[in-house]
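All heavy atoms count here, side chains included; hydrogens, waters and symmetry mates do not. In what follows, chains carry the letters A, B, and so on, assigned in the order in which the sequence lines appear, proteins first and then strands, with residues in each chain numbered from 1.
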Number of protein chains: 2
Amino acid sequence: MENIRELFQVMTRRFGLLNKNCCSAGGCDISLIQSHILYEIDHQHKPSMQQIADPLGTDITTFSRQVQSLVKMNLVKKTPDPDDRRFSILSLTTEGKFIATTIDQQMNAFLNEVFSHMNEFEKETVIRSIKLLNNAMAKSNVCCGTISG
Amino acid sequence: MENIRELFQVMTRRFGLLNKNCCSAGGCDISLIQSHILYEIDHQHKPSMQQIADPLGTDITTFSRQVQSLVKMNLVKKTPDPDDRRFSILSLTTEGKFIATTIDQQMNAFLNEVFSHMNEFEKETVIRSIKLLNNAMAKSNVCCGTISG
DNA sequence: TTTTAATACTTGCAAAATACAAGTAAAGGG
DNA sequence: CCCTTTACTTGTATTTTGCAAGTATTAAAA
């Protein structure tokens, strides 16, 4: 049997490069980490700083400064939580939302192009498999504990 | 239909964190990029600098310095190609090979743990799907051109 | 054969990313 | 009212990064 890790390594590296390319294409020009931050803010409900920093695996101090630059670029807004003002609630500005959406569309376009090399059955199988995988990883306690989805 | 990118994003982020953890566990303590470099050298036949830098998506100058530190750490060896001395052929030292193998085993152990949350049929389906995906990505010309596997 | 161009890689430098330690500010006990 | 905890920010020093410009080697052209 082949090395399972190898399959994953190839797949995730390709997807990582895809992600990297999509940051600096079509109107947006942000770094990969910044793209990840926008994505994560967009997908969580009224997230705090730590709630975004955790799944990205970056130190909170590094994250704090990254958010500062995104705020300066007018892509992210930081609002103190009225219930507990220690928390900063992160949200996307209109411009930030636009960039996040643009990247998302680009990524999906690329992925659809990839899926165009398969038949419909294969495509369905692959998508179902990734869901299975995500569920299994969520159940696993040995790794990747803090990532939702 | 759900957002395909979202499925990929969750999966690859988890795998990325896994990769990150495995670098600095069980005897080895190297950075994520260094781990990727060791992996890539281990999987290519007499690779040159550029041949490793390309699939990792890092600038050749950054890569050059990373290799320098790996050579200093006695994990990588750099040999001038006798046929064309502009090329440096990269190889793992015994110690480098050991670390690469250790990381590989750890990754596979983690992945097997993940697969333990599925039945045999699901596992087979998932593995087949990832192969399908890798083949489709290899065929795609819009992205990730330089990655072998 | 000399010159020119191309390739593979390396260094200079300046900017960005990173993380530890130490700080501030707010909330919750005791 | 103090003391602790939590959420986040700044000080500082190190590391990483990549463009520009360099060296060294090969290939091609004059």
(message) Nearest heavy atom decides the nucleotide; on that basis, is Gly57(A) or Ser88(B) closer to the 5' end of DNA chain C?
(response) Ser88(B)

(message) Heavy-atom nearest nucleotide on DNA chain C for Thr62(A) versus Asp84(A): which residue maps closer to 5'?
(response)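 Counting from the 5' end, the first nearest nucleotide belongs to Thr62(A).
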
Side-chain ([X]) to main-chain ([Y]) donor-acceptor, under 3.5 angstrom:
X: Gln34(B); Y: Ser31(B); value: yes
X: Thr102(A); Y: Phe98(A); value: yes
X: Asn112(B); Y: Asn108(B); value: yes

Expressed in angstrom and rounded to an integer, what is the separation of [X] atom [atom1] from [N] atom [atom2]?
X: Lys46(B); N: dA8(C); atom1: NZ; atom2: C1'; value: 18 Å
X: Leu90(A); N: dA7(D); atom1: CG; atom2: C1'; value: 12 Å
X: Asp29(B); N: dT15(D); atom1: CG; atom2: P; value: 13 Å
X: Arg65(A); N: dC20(C); atom1: CZ; atom2: P; value: 12 Å
X: Gln50(A); N: dA7(D); atom1: CD; atom2: P; value: 7 Å
X: Asp54(A); N: dC8(D); atom1: CG; atom2: P; value: 10 Å
X: Phe87(A); N: dA26(C); atom1: CZ; atom2: C1'; value: 10 Å
X: Lys72(B); N: dT15(D); atom1: NZ; atom2: C1'; value: 13 Å

(message) Between the base of dA19(C) and the side chain of Thr61(A), is there a donor and acceptor pair under 3.5 angstrom?
(response) yes

For [N] and [X] - does any side-chain N or O of the residue sit under 4.0 Å from the phosphate oxygens OP1/OP2?
X: Gln68(A); N: dT10(D); result: yes
X: Gln66(B); N: dT17(D); result: yes
X: Lys20(A); N: dT17(D); result: no

(message) Can you work out whether Asp81(B) or Met49(A) has the more 5'-proximal nearest nucleotide on DNA chain D?
(response) Met49(A)

(message) Both Lys78(A) and Ile60(B) contact DNA chain D. Which one's nearest nucleotide lies toward the 5' end?
(response) Lys78(A)

(message) Measuring from the side chain of Arg86(B) (C-beta onward, heavy atoms only), which nucleotide among dA8(C), dA7(D), dT17(D) has the closest atom?
(response) dA8(C)

(request) With the side chain of Arg85(A) defined as its heavy atoms from C-beta on, choose the nearest nucleotide among dA26(C), dT18(C), dG18(D). (result) dA26(C)

(request) Show the numbers, then the answer: is there a side-chain contact (heavy atoms from CB on, under 4.5 Å) between Asn134(B) and Arg14(A)? (result) CA-CA 9 Å; Asn134(B) 282 342; Arg14(A) 284 212 179 94; 3.8 Å; yes

(request) Check the angle between the aromatic planes of Phe115(B) and Phe8(A) and answer parallel, tilted or perpendicular using the 30° and 60° thresholds. (result)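 Answer is perpendicular, since the angle exceeds 60°.
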
(message) Under 4.0 Å, heavy atoms only, any strand: does Ser48(A) hit a base, just the sugar-phosphate, or nothing?
(response)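 Result for Ser48(A) = sugar-phosphate.
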
